[in-house]
Amino acid sequence: MALEIIRSIREMQSIADNLRFDKKRIGVVPTMGYLHDGHASLIQAASDISDSVIVTLFVNPKQFAAHEDLSRYPRDFDKDCKIAEQAGAHFLFAPSDEEMYPNGFATSISISGITQKFEGFFRPSHFDGVATVVTKLLLATKPHIAVFGQKDYQQTLVIKRLVADLNLDVEVYIKPTIRETEGLAMSSRNVYLSETERIQSLVISQAVTDAYTAVESGERNREQLNTILKTTLLSIEHIEIEYAVTANAETLEEPDIFTETESIVFLIAVKIGSTRLIDNAVWNPRQTN
Ligand code: PAF
């Protein structure tokens, strides 16, 4: 079946109603477009566990601050259609800004706690924008399952909180980050990097790998782990660290010493040149026992 492009929320909802009436399991993969192999892996994962896959493509203005890269965010609609279709999508829901946020739109969903630190500290209204748009996308597509990438780790926690708190009837799946062969986490924003910056940016995945290895060797002191992250990052010049932190992977709490049974996440946001990049890795005690 060829990819069907849907622009209107009403039409998307009516397609979803018909699919549900036909007992089809709907999977959704929310994206901001400029799709790459990371998105393709999420679409394939959705297609493995659902009958009809909807990819949403919407560059959500509400999750960008005024000084951020909304106007230059990369876009390639035709390529996105090809990648989505090849990966197994049946529908591409690509509403306009006016369709999503018509005149008079006044609602914002705000989640406290986990949204306040790290990414939320540097991008204060970002997670309100994410929570608001994800809710609208779920209400438009009425999925049984929704698939997100681990690359935006804090976002995945925010979305799980949103779904639990609002009793949204959707199962959330988080799939691993897909990386370039040298380790750089795939991101639509990687296109901003010059060749030199792309090589420099390898320190980011190296930093989380170094901290992960230290935990495997028994290190549980948070400050020590943060020092490992920062030392690796600072091995290149011209890097601006926003945060390079170690936290409990479920709560984002930051104890001085992690217990032996705690899942640990390493979270990084840096600027290389004018490009802001994030990455993370989760160490899970159950995986190594
Ligand atoms: O991860 C993204 O691409 C976006 O934050 C999302 C979830 C599509 C909401 O705009």
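First listed ligand is number 1; within each ligand, the first listed atom is number 1.
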For [X], atoms of ligand 1 separated by under 4.0 Å from a heavy atom:
| X | result |
| --- | --- |
| Val133 | 9 (C), 10 (O) |
| Thr31 | 8 (C) |
| Gln63 | 4 (C), 5 (O), 9 (C), 10 (O) |
| Pro30 | 8 (C) |

> Is it true that the side chains of Asp210 and Thr232 contain a donor and an acceptor less than 3.5 Å apart?
Replying inline: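 Per modelled atom types, Asp210 and Thr232 side chains form a pair under 3.5 Å.
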>> When you compare the side chains of Glu254 and Asn248, does any donor N or O come within less than 3.5 Å of an acceptor on the partner?
In response: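 No.
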> Is any side-chain N of the basic residue among Arg189 and Asp69 closer than 4.0 Å to the acidic one's carboxylate O?
Replying inline: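 A salt bridge is present here (some side-chain N lies under 4.0 Å from a carboxylate O).
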>> So that I can tick it off, tell me whether Arg7 and Glu99 are bridged by a salt bridge, with the cut-off set at under 4.0 angstrom between side-chain N and carboxylate O.
In response: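 Looking at Arg7 together with Glu99, the answer is no, because their closest N to O distance does not fall below 4.0 Å.
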> Taking Thr31 for the side chain and Thr56 for the main chain, is one N or O donor matched with an acceptor at less than 3.5 Å?
Replying inline: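 Yes; at least one donor-acceptor contact below 3.5 Å.
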> When you measure from atom 3 (O) of ligand 1 to every protein heavy atom, which one gives the shortest distance, and what is it?
Replying inline: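 For this ligand atom, the closest protein heavy atom is Met32 CG, 3.7 Å.
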>> Could you identify the single nearest non-hydrogen protein atom to atom 7 (C) of ligand 1 and state the distance to 0.1 Å?
In response: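 Result: Gln155 NE2, 3.5 Å.
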> Applying a 4.0 Å heavy-atom criterion (strictly less than), which segment of Leu137 is in contact with ligand 1: side chain, backbone, both, or neither?
Replying inline: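 Neither part.
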>> Run the side chain to side chain donor-acceptor pair (under 3.5 Å) test on Glu119 and Tyr243 for me, step by step, so that the C-alpha distance in whole Å, both residues' side-chain angles and the decisive distance to 0.1 Å come before the verdict.
In response: CA-CA 8 Å; Glu119 198 68 5; Tyr243 57 86; 2.4 Å; yes
> Polar-atom distance check: Asn60 versus ligand 1, any N or O pair below 3.5 Å?
Replying inline: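 Between Asn60 and ligand 1, no N or O pair is found under 3.5 Å apart.
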